[in-house]
Amino acid sequence: MSRNKRKTSALQAVIVTAVCALFVMTALVGLYKCFSKEPVQKDGAPPGQGGDPAASQEPQNDGQRVVPSGMERKEHFFTILLGGLDDENGGSDTNLLVALDAENKTINVASLPRDTLLDVSWSVKKLNNAYHHGGFSQTMSEVSRLLGIPVDYYVTVDLRAFVELVDEIGGVDFDIPVDMDYDDPYQDLQIHFEKGPRHLTGEEALQVVRWRQNNDGTGYATADIGRIDTQQAFLTAMAQQTLQLSNWDKIPGMAEIFQKWVDTDLKLSYLIWIGEQALNIGSEGLTFHTLPGDGSGYYKGGSYYVLDPEATLEMINTYFNPYKRELTMDDMHILVP
């Protein structure tokens, strides 16, 4: 399979996961509100610990999720890892970490660059490679180990959910940030848009968020980070149009999409509770972030997204820390070249 195909297929993740987890969950509220139940906070892998994930098909840190003494959790605070599975390559190239703080009425979402450098024994030490060493359970364990926080639940989504959901809400108004002119005959992919505001269908929205560069090699000045910025801007626009009472008549269609294309360990009653919180919080309380780092970093001759430890620690403590005490660098497991 071509290099371009591997790259573009990864784009399903950011959109599909966030849309279905944050917005389709909300849609379930109207159908099953009487069954709402707050999720159970799971014990997480001890910060700074967790076995060295060797190259195996079994998740390395499974069964080690024990909260250390003194790590009391905040009430009504949950972390969810959203992943878009590559339906052709069988991997999870892009992931989003969601922190739902119902007490303070905030939802924070962090994009986790797929090339993020991990401190693991594998030869290719990238986050998107974790899936091939133990499935999405391994990905969850690595995110927990990397950032020093537990991951309570997961949601994985198929690409087709994104297209169907955008169409279900009647499309999305979005200001396309740059001219897009790209053709890939091997994927039968054509992306042609002029910069500026446009009403996008599901297929058109998918093309916009998949775009990396033009036929002449021009693209985002910041490469993948620029693409992540566009994806986050699109999700913000979609949230503003989805989290509206006027869309409640579309609940049955949204629920059907969720049922077809989403896999999660969240019970239905938990999904409904999360949906209630998301509806109460609204798009005003939804904020997107990207793990801070250097997208042009290198480690042992390989190209990686190298995290900035201090900036990452500050971000996690400010928005994603589920514990009542602040984390320290010793709680995390960030590899610095």
Side-chain angles (χ1 to χ4, degrees), residues 17-18 20-22 24-26 28-29 32-33 35-51 59-83 95-110 112 135-157 258 262-281 285-287 289 291 312-313 315-328 330-333:
T17 51
C20 288
L22 297 179
V24 178
M25 288 180 200
T26 300
L28 292 171
V29 176
Y32 304 103
K33 188 172 182 179
F35 298 108
S36 174
K37 182 179 180 181
E38 182 172 352
V40 175
Q41 292 177 333
K42 292 185 178 180
D43 291 341
Q49 300 182 28
Q60 298 300 305
N61 298 329
D62 193 42
Q64 299 184 23
R65 297 173 181 171
V66 180
V67 175
S69 60
M71 297 297 284
E72 185 179 0
R73 292 210 35 178
K74 301 172 185 175
E75 295 181 357
H76 317 303
F77 192 112
F78 299 92
T79 57
I80 304 168
L81 186 63
L82 313 180
N95 300 281
L96 299 172
L97 179 64
V98 176
L100 169 63
D101 186 349
E103 186 78 16
N104 294 302
K105 298 187 181 303
T106 63
I107 300 175
N108 285 282
V109 184
L112 313 179
F136 204 67
S137 293
Q138 188 68 51
T139 303
M140 293 173 66
S141 293
E142 294 310 328
V143 171
S144 175
R145 184 169 180 259
L146 177 72
L147 302 178
I149 60 175
V151 176
D152 294 320
Y153 297 97
Y154 75 86
V155 177
T156 59
V157 195
F258 185 90
V262 176
D263 180 43
T264 179
D265 58 350
L266 283 158
K267 298 179 181 178
L268 178 59
S269 58
Y270 296 169
L271 288 170
I272 298 165
W273 184 89
I274 290 173
E276 288 182 283
Q277 308 313 310
L279 189 63
N280 289 332
I281 293 170
L286 175 63
T287 307
H289 312 265
L291 288 184
T312 299
L313 177 63
M315 174 182 288
I316 297 302
N317 272 325
T318 303
Y319 302 108
F320 297 93
N321 183 6
Y323 297 120
K324 290 187 175 181
R325 79 150 172 88
E326 287 202 347
L327 300 172
T328 68
D330 291 337
D331 296 319
M332 295 183 168
H333 218 91

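Worth knowing before you read on, the calculation uses all heavy atoms, side chains too, and leaves out hydrogens, waters and symmetry mates.
How far CD1 of Ile274 is from OG of Ser269: 9.5 Å, rounded to the nearest 0.5 Å. Atom OG1 of Thr312 and atom CG of Leu291 lie 5.5 Å apart (nearest 0.5 Å). Glu103 CD to His76 NE2: the interatomic distance, rounded to the nearest 0.5 Å, is 5.0 Å. Rounding to the nearest 0.5 Å places CG of Leu286 at 15.0 Å from NZ of Lys105.
With Leu96 as the fixed residue, the side-chain contact (heavy atoms from CB on, under 4.5 Å) test singles out one of Leu82, Val155, Ile80, Leu112: Leu82.
The shortest non-hydrogen separation linking Pro322 to Pro150 is CG-CD, 3.6 Å. The two residues Ala102 and Gln277 come nearest to each other via the heavy atoms CB-OE1, 3.7 Å.
For the pair Leu81 and Asn95, the minimum side-chain heavy-atom distance is below 4.5 Å. Contact of the Ser137 side chain with the Tyr154 side chain is not registered, since no non-hydrogen atoms from C-beta on lie closer than 4.5 Å. Looking only at side-chain heavy atoms (C-beta outward), Asp331 and Arg325 come within less than 4.5 Å of each other. Contact of the Tyr270 side chain with the Lys37 side chain is registered, since non-hydrogen atoms from C-beta on lie closer than 4.5 Å. In this structure, the side chains of Met71 and Ile149 stay at 4.5 Å or more apart for every pair of heavy atoms. No side-chain heavy atom of Phe320 sits under 4.5 Å from any side-chain heavy atom of Leu327.
In this structure, His289 and Tyr319 have tilted ring planes: the angle between them lies in the 30° to 60° band. Note: Phe78 and Tyr153 have tilted aromatic rings, judged against thresholds of 30 and 60 degrees for the angle between ring planes.
The closest donor-acceptor contact from the side chain of Glu326 to the backbone of Asn321 lies at 3.5 Å or more, if one exists at all. Within the 3.5 Å criterion, the main-chain N or O of Asp152 finds a donor-acceptor partner in the side chain of Thr79. Within the 3.5 Å criterion, the main-chain N or O of Ala99 finds no donor-acceptor partner in the side chain of Asn108.
Thr318 is linked by a side-chain contact (heavy atoms from CB on, under 4.5 Å) to Glu314, counting only residues two or more places apart in sequence or in another chain. Under the side chain to side chain donor-acceptor pair (under 3.5 Å) criterion, Asn280 pairs with no residue at all, not counting sequence neighbours. A search for ring-ring contact (aromatic ring centres under 6.0 Å, His included) contacts involving Phe77 returns nothing, not counting sequence neighbours.
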